[in-house]
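See structure below.
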Amino acid sequence: MIDFILNTFAWIKDDWISNRFRFIIELLAWFISIGCSITMALTVPTPPLLVLYPVWITGCAMYAWAAYTRKSFGMLANYILLTSIDTIGLIRML
């Protein structure tokens, strides 16, 4: 277990060194994702979707960019699809 933890920290350090800008973007997108999820959970059944949707879409677009720069097709496809679906949802809501 200790090896796993040490390897994980080494991996995070390597990721930071390899592309600091992408690392910061992914970290910010992660905070956005967690923040939106917590806000949604705390405000159901009437979450502030007009606020959450654009923030969530922004986070997904940030993740899509990061996936593209990593050359990760699966993650890129996932976040492009989520960005598209949620943008359509926001447009329909407006």
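What you are looking at is a predicted structure, and each value in this text was computed from that prediction instead of being measured.
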Check the hydrophobic clustering (I, L, V, M, F, W, Y; side-chain heavy atoms under 4.5 Å; chains of links allowed) and say if Trp65 and Phe73 are grouped together. no
Quick check for you: to the nearest 0.5 Å, what is the distance between Ile12 atom CD1 and Asn7 atom CG? 11.0 Å
Common cluster, Val55/Leu28, ILVMFWY with side-chain heavy-atom separation under 4.5 Å: yes
So which atom in Ile24 and which in Trp16 form the shortest heavy-atom distance, rounded to 0.1 Å? CG1-CZ3, 3.9 Å
Do Ile25 and Tyr63 share a hydrophobic cluster, counting only Ile, Leu, Val, Met, Phe, Trp and Tyr and linking them when any side-chain heavy atoms are less than 4.5 Å apart? no
Reported CD1-to-OG1 distance for the pair Ile57 and Thr87, which is rounded to 0.5 angstrom: 4.0 Å
Euclidean distance, Phe4 CZ relative to Met1 CE, rounded to 0.5 Å: 6.5 Å
When you look at CZ of Phe23, are more than 12 heavy atoms from neighbouring residues, nucleotides or ligands closer to it than 6.0 Å? yes
What's the spacing between Phe31 CZ and Met62 CE if we round to 0.5 Å? 11.5 Å
Given 3.5 Å as the limit, does a donor-acceptor pair link the side chain of Thr83 with the main chain of Tyr79, or not? yes
Rounded to the nearest 0.5 Å, what's the gap from CD1 on Ile32 to OG1 on Thr39? Could you check? 11.5 Å
Distance col, row Asp14:CG vs Asn19:CG, nearest 0.5 angstrom, shows 13.0 Å
For residues Thr58 and Pro54, report the shortest heavy-atom separation together with the two atoms involved. OG1-O, 2.8 Å
Show your working on side chain to side chain contact (heavy atoms under 4.5 Å, CB included) between Asp86 and Leu90 and close with a plain yes or no. CA-CA 6 Å; Asp86 290 327; Leu90 176 61; over 6 Å; no
Hey, any chance Leu6 and Ile17 share a hydrophobic cluster, counting ILVMFWY side chains that come within less than 4.5 Å of each other, even indirectly? no
Is it possible for you to say whether Met93 and Trp56 belong to one hydrophobic cluster, with membership spreading through side-chain heavy-atom contacts below 4.5 Å? no
Please report the shortest heavy-atom distance between Arg22 and Ala66, naming the atom on each side. CD-O, 3.7 Å
Decide yes or no for Met40 and Leu49: does some side-chain heavy atom of the first lie under 4.5 Å from some side-chain heavy atom of the second? yes
Taking every non-hydrogen atom, the tightest pair across Val44 and Ala41: CG2-O, 3.6 Å
Please find the pair of heavy atoms, one from Gly59 and one from Ala29, that lie closest to each other, and give the distance. O-CB, 3.7 Å
Residue pair Arg70, Asp15: steps toward the side chain to side chain contact (heavy atoms under 4.5 Å, CB included) verdict: CA-CA 11 Å; Arg70 286 188 183 280; Asp15 194 36; 2.6 Å; yes
